[in-house]
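What follows is one structure encoded as structure tokens, with my remarks underneath.
Below, chain A is the first sequence line, B the second, and so on; all start at residue 1.
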Amino acid sequence: MQNTDLKIFNTLTRTKEVFKPVNPPFVGMYVCGPTVYNHVHLGNCRTFISFDIVYRYLLHLGYKVRYVRNITDVGHLVNEEEMTGEDRIGKMARIEKLEPMEIVQRYTNGFHDVMKQFNALPPSIEPTATGHIVEQINMVQAILDNGYGYVSNGSVYFDTLKYAKNHKEFGRLSGKIMDDLQVETRDLKGQSEKRHPADFAIWMKAQPEHIMRWNSPWSVGFPGWHLECSVMSTRYLGDKFDIHGGGMDLQFPHHENEIAQNIGACGHAPVNYWMHTNMLTVNGTKMSKSLNNSVLPGEMFTGENDVLAKAYDPMVVRFFMLQTHYSSTLDFSDEALQAGEKGFRRLMEGYKTLQSLQHKNGKVEESEDQAVTEECQACYEHMNDDFSTPQALAVLFGLVTRVNTYKDKGGVVSSISKETFDRLNKVFRDFIEDIFGLKEEEGADEEVVDGLMQLIIDIRQSSREKKDWDTSDKIRAVLKELEIQLKDGKDGTSWTKA
RNA sequence: GGUCGCGUGGCCGAGCGGCUAGGCAGGGCUCUGCAAAAGCUCGUACGGCGGUUCAAAUCCGUCCGCGACCUCCA
């Protein structure tokens, strides 16, 4: 159905490029997952939902995608720059008096629950850093063997200066210039172990109080944060794969260092297409764990937060995010969310309406038939243009108007051909269910159901009083089909779910 | 300070040289017992100032405002 090629904006080249997998029909995609020392917030979710769309669309195009998204459960320090930095997991374990792995398990579970609520497909592989200590040690050794690392007081650092001299790559992804970074030199604690401020630890010697520690040729310690992604992507996708994604805030230094490690170990760049999603903001400022302006998904779904006036269904939030391109910042506000909620419902109602329409062969209006065909096609072409969900959505809304018009005119469609009618149905199903991953909001809440049941019982009661048994029995019978059992007692009627 | 990006109508948000984005909100109309829904329709835009061009929201310069990264964050 697509006439155009899929184009992806590649951070490396800062241009949209036609997507050509290394080994079609297989596609390897790696996305930096969460560090599970705390709840994921909505900003984190935005990134994962964005890549869920990428994953879904690639699958829709027929690619065999291996989607790897890691769980960081060690090595991510509270302050990377200072040697005194404490491991994030270890810190929470100490504070909450739990095993580090209990922390990891708790927040991993929470993360999975949230992703499920957002209807995000699970990745093909979800590796953990602690599960790949051996591989990480091996990569540190490879980097040392190639002369791009040095041991200092039991820790191993990446020799950024030497790497930058031999490979022009350093700074390319993030647009940094090595000389600027030198100027950035600041007098920080523990920096003495490093030869250059831009050097970073690939293996760190554990301080005595550090809980998470492993044996290595250099010290009892733990792997550097940037290393795990290099190792796990290589392990599962090979040393040259298609797409690497993550939030924009990981571009530097995390992804830049990742490239350096891969080149340092394997001699060539690991990734063809780098994709970065933009930030979620609250009142114009980035949502961030460290800024304490986070809204948690759970708080959003229940409405218990300081930012928003009411609760929003996960599907509404997902839809809301799709209205903005992944590369733009997205600001959360109550007004915008409410508009999104109505828009979402309009779309879903339109989808339902479409499914209720009948096609009948008749006189085909050529221009209309052609317009519908073109609009259907446009949805795919917008997705092919760097996953432009807002534009695809706009076209879909245009089609919703058509669908509603068909319904107004009696629900029988004959002005477009059967083929076009079927295509229209396919586009809605493809986009709403497969590509956008949208589904109906969770069932009406208890309060509404209770209210409805009381109303039905009241109506039935008045028909019983009029001895209108046909009506009262019909109500009881239909409810029974819905697995609701009415119980007529002395004190009135109650109901239970069968 | 360095690097990058952004400023679009009441709100959100696409577009990025000529052609209606879209959603929400507001006005009018149609339909319907009423209401809602739905359809049709209307209005208010491209931060300021210059420049390039037959033509600029879209390119260039400049000024103003905002943000991100440069330190942990998706």
Toward the 5' end of RNA chain B, by each residue's nearest nucleotide, A:F344 or A:R14: A:R14
Sugar-phosphate, base or nothing in reach of A:T353, heavy atoms under 4.0 Å: nothing
Close N/O contacts between protein and nucleotides 25-29 of chain B (under 3.5 Å):
| unit_1 | atom_1 | unit_2 | atom_2 | d |
| --- | --- | --- | --- | --- |
| B:rA25 | OP1 | A:K342 | NZ | 2.8 |

Any donor-acceptor N or O pair under 3.5 Å, side chains A:Y107, A:D73: no
Sugar-phosphate only, base, or nothing, as touched by A:L280 at under 4.0 Å among non-hydrogen atoms: base
Touch class at under 4.0 angstrom, heavy-atom based, for A:G284 against every strand present: sugar-phosphate
Lys/Arg N to Asp/Glu carboxylate O, A:K407 vs A:E349, below 4.0 Å: no
Which pairs, protein N/O on one side and nucleotides 9-15 of chain B N/O on the other, fall under 3.5 Å?
| unit_1 | atom_1 | unit_2 | atom_2 | d |
| --- | --- | --- | --- | --- |
| B:rC11 | O2' | A:E335 | OE1 | 3.3 |
| B:rG13 | OP1 | A:D331 | N | 3.4 |
| B:rG13 | O2' | A:Q323 | O | 3.4 |
| B:rA14 | OP1 | A:H325 | N | 3.1 |
| B:rA14 | OP1 | A:S328 | OG | 3.0 |

All N/O contacts under 3.5 Å from nucleotides 31-37 of chain B to the protein, with atom names and distances to one decimal?
none

A:M248 CE to B:rG5 P, straight-line distance once rounded to whole Å: 9 Å
Touch class at under 4.0 angstrom, heavy-atom based, for A:T405 against every strand present: sugar-phosphate
Distance test, side-chain N/O of A:K286 to OP1/OP2 of B:rC69, below 4.0 Å: yes
Residue mapping more 5' on RNA chain B - nearest nucleotide basis, A:F397 or A:L250: A:F397
Rounded distance (Å) that lies between atom P of B:rC72 and atom CG of A:D249: 11 Å
Interatomic distance where NE2 belongs to A:H254 and P belongs to B:rA68 [whole Å]: 21 Å
A:K289 side chain near B:rA74 phosphate (N/O to OP1/OP2, under 4.0 Å): yes
Greater than 12 external heavy atoms within 6.0 Å of A:H359's NE2: yes
Length of the line joining A:E258:CD and B:rA74:P, which is rounded to integer Å: 14 Å
Whole-Å distance separating the CE atom of A:M279 from the P atom of B:rA68: 10 Å
